[in-house]
Each structure stands twice: as C-alpha cells, then as structure tokens.
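Worksheet: the structure to be examined is printed underneath.
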Amino acid sequence: MSAAPDALDFMEPDEDFLRAAELATTAPTTPCALVVLVGDRRFEGPNDDTHALVTELLTEIGFQVDAVVHAKSKKSEIRKAIETGVVGGVDLVLTIGGTGVGARDKTPEATRAVIDKMVPGVAQALRSSGQACGAVDACTSRGICGVSGSTVVVNLAPSRQAIRDGLATIGPLVNHLIAELDEHSVDA
C-alpha cells in the first residue's frame with residue numbers, strides 16, 4: 001500500500017522546463033524601431049537615401065528597424081504613423097523632419113497628442129549636441145521626446161548632420177528609457 005502524498009512533497013521541474021525558463025529571462029531581445037519620415041516632398045526624391053542612413057545608424061546602436069514610413073506634413077498623418085508604431089509594440093518611434101518653425105512643421109504637436117509622459121532631457125540633449133556639432137536645425141529644433149504606453153517617441157531634425165549626431169546622442173538615453181519601461185512593465 002502506497003502512502004498518500006504529503007502536502008510538502010513536490011515534483012522537481014524537468015530540465016527542459018528549467019532551460020526554457022532560463023532562456024526566457026536571460027535572452028536579450030533586440031529593441032525594435034519604426035522610422036517616420038515627415039515631409040510633403042523632402043524624402044521622396046529619387047536620390048534621397050535618408051531611410052538607408054537612418055536604418056544603418058539605428059542598427060549600429062542596436063535597434064532592428066521594423067519599417068520606414070512616410071507621412072505628409074499633416075498632424076493627423078504624423079499622429080497616425082506614430083500610433084501605428086505604439087500599437088504595433090515597437091520600442092522606439094523615431095520621427096525625422098517637421099521640427100522647425102515653418103507653417104508645415106507640425107511634428108512636435110502631433111507627437112504631443114500621442115505621448116503620455118514627456119521626457120524633456122532627451123530633447124535638451126539633442127539640441128545641445130546639435131549646437132556642439134554645428135547642426136543648426138538640430139539646435140533650433142522644436143522636437144520633443146516622450147513615452148506613449150511602452151514606446152519611446154523621439155523627434156529629430158532632418159539634416160544629415162542632425163540625424164547622425166542625434167542618433168549618436170540618443171542611443172544610450174533611449175536604451176535607458178526602454179530598460180526602465182521593461183523593468184516596470186505590467187508583464188515583469
């Protein structure tokens with residue numbers, strides 16, 4: 001006659017279960033980005049390779065670029081493109097363009113309508129480093145940074161110099177924000 005199992009007896013988890021649990025907690029994931037190129041004509045020329053430049057630079061700082069999309073200089077189109085990334089679960093939505101003072105520059109307003117929390121230090125760092133490297137459009141940019149859900153949203157000025165310097169500047173800052181969001185997420 002076998003004894004009834006004691007309430008303190010338990011089965012050891014099998015090795016496959018332990019290995020899967022370990023991989024799930026230690027496997028690094030590559031953060032994903034969506035790039036939104038904002039402009040009525042700026043990024044549509046046959047010789048414009050802004051999408052390739054941004055993709056290459058994001059890859060260098062450890063991001064996988066899920067898509068590069070174009071949005072006309074309308075608040076509703078810019079907002080819709082940003083929301084696509086947020087709903088799609090990307091870690092970063094990076095907008096390029098529409099950050100000046102012209103009548104068609106509406107990216108900061110569209111971004112502000114989507115984000116839940118402002119992160120002004122990132123935008124300040126972009127303007128400061130833009131000034132240091134001589135990217136006039138970066139240091140005079142009205143671009144903002146914030147968080148929408150668990151997605152970081154950053155506005156960059158559109159010159160090649162502003163893009164290069166901006167991505168070098170935001171790499172560690174955005175990675176820090178993503179780590180914070182992951183650490184304090186509901187799933188964690």
Side-chain angles (χ1 to χ4, degrees), residues 13-38 50-71 77-99 107-130 138 141-157 162-188:
D14 71 350
E15 196 168 322
D16 290 335
F17 174 81
L18 291 174
R19 187 172 293 115
E22 182 179 329
L23 288 174
T25 58
T26 61
T29 59
T30 303
C32 298
L34 172 73
V35 178
V36 181
L37 301 177
V38 179
T50 304
H51 64 286
L53 172 66
V54 174
T55 300
E56 178 183 340
L57 294 172
L58 278 168
T59 302
E60 286 178 8
I61 61 172
F63 282 84
Q64 171 187 322
V65 178
D66 283 356
V68 177
V69 298
H70 293 262
E77 286 198 32
I78 300 164
R79 190 184 73 245
K80 189 184 309 181
I82 295 169
E83 288 172 343
T84 298
V86 172
V87 171
V90 298
D91 299 294
L92 170 66
V93 173
L94 182 67
T95 69
I96 310 287
T99 60
T107 303
E109 291 80 12
T111 303
R112 195 171 286 113
V114 175
I115 60 176
D116 305 319
K117 295 179 184 175
M118 297 286 289
V119 185
V122 174
Q124 291 168 350
L126 286 168
R127 283 187 274 280
S128 177
S129 75
S141 170
R142 296 181 313 112
I144 63 174
C145 174
V147 174
S148 179
S150 61
T151 300
V152 178
V153 183
V154 178
N155 304 150
L156 285 185
I163 292 168
R164 287 183 186 282
D165 180 68
L167 284 168
T169 300
I170 68 167
L173 304 175
V174 169
N175 282 320
H176 172 75
L177 292 173
I178 291 169
E180 271 193 314
L181 290 167
D182 287 346
E183 180 181 329
H184 300 292
S185 73
V186 176
D187 296 337

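Nearest heavy atom pair, residue C32 against residue D66, reads CB-OD2, 3.5 Å. When all heavy atoms are compared, the tightest approach of A162 to A138 is CB-CB, 3.8 Å. For the residue pair V153 and S148, the shortest heavy atom distance occurs at CG2-CB, 4.5 Å. Looking at every heavy atom in both residues, A123 comes nearest to G143 through CB-O, 3.5 Å. For the residue pair Q64 and T30, the shortest heavy atom distance occurs at N-CG2, 3.7 Å. Considering all non-hydrogen atoms of both residues, P172 and T169 come closest at CD-O, 3.7 Å.
Side-chain contact between L177 and V122 is present, with heavy atoms from C-beta onward closer than 4.5 Å. Counting heavy atoms from C-beta on, the side chains of L37 and V35 come closer than 4.5 Å. Contact annotation: the side chain of L57 never approaches that of I61 to less than 4.5 Å [non-hydrogen atoms, C-beta and beyond]. Residues V174 and D91 fail the side-chain proximity criterion, which asks for heavy atoms closer than 4.5 Å.
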- Message: Go through it in stages, so that I can follow the logic: the residues are I170 and V152, the test is side chain to side chain contact (heavy atoms under 4.5 Å, CB included), and I'd like the CA-CA distance, side-chain angles, deciding distance and then a yes or no.
- Response: CA-CA 11 Å; I170 68 167; V152 178; over 6 Å; no
- Please assess D182 against T29 for the test side chain to side chain contact (heavy atoms under 4.5 Å, CB included), listing each intermediate value before the final yes or no. CA-CA 11 Å; D182 287 346; T29 59; 5.5 Å; no
- Task: For the pair V154 and L94, evaluate side chain to side chain contact (heavy atoms under 4.5 Å, CB included) and give the outcome as yes or no after the intermediate values.
- Result: CA-CA 5 Å; V154 178; L94 182 67; 4.0 Å; yes
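Of the candidates L92, I178, V93, V87, V93 is the only one forming a side-chain contact (heavy atoms from CB on, under 4.5 Å) with T151. Only one option out of V36, V54, V38, V68 pairs with I96 in a side-chain contact (heavy atoms from CB on, under 4.5 Å); it is V54.
No side-chain donor-acceptor contact under 3.5 Å links N155 and T99.
Between the OG1 atom of T111 and the CE atom of M118 there is a distance of 9.0 Å, given to the nearest 0.5 Å. Once rounded to the nearest 0.5 Å, the distance linking CZ of R79 with OG1 of T84 reads 11.0 Å. In this structure, CG in D165 is found 3.5 Å from OG in S129, a value given to the nearest 0.5 Å. A distance of 11.0 Å separates CG in L173 from CD in Q124, rounded to the nearest 0.5 Å. Atom CZ of residue R164 and atom CD of residue E56 lie 7.0 Å apart, to the nearest 0.5 angstrom.
Between R142 and E109 there is a salt bridge, since at least one side-chain N of the basic residue sits less than 4.0 Å from a carboxylate O of the acidic one.
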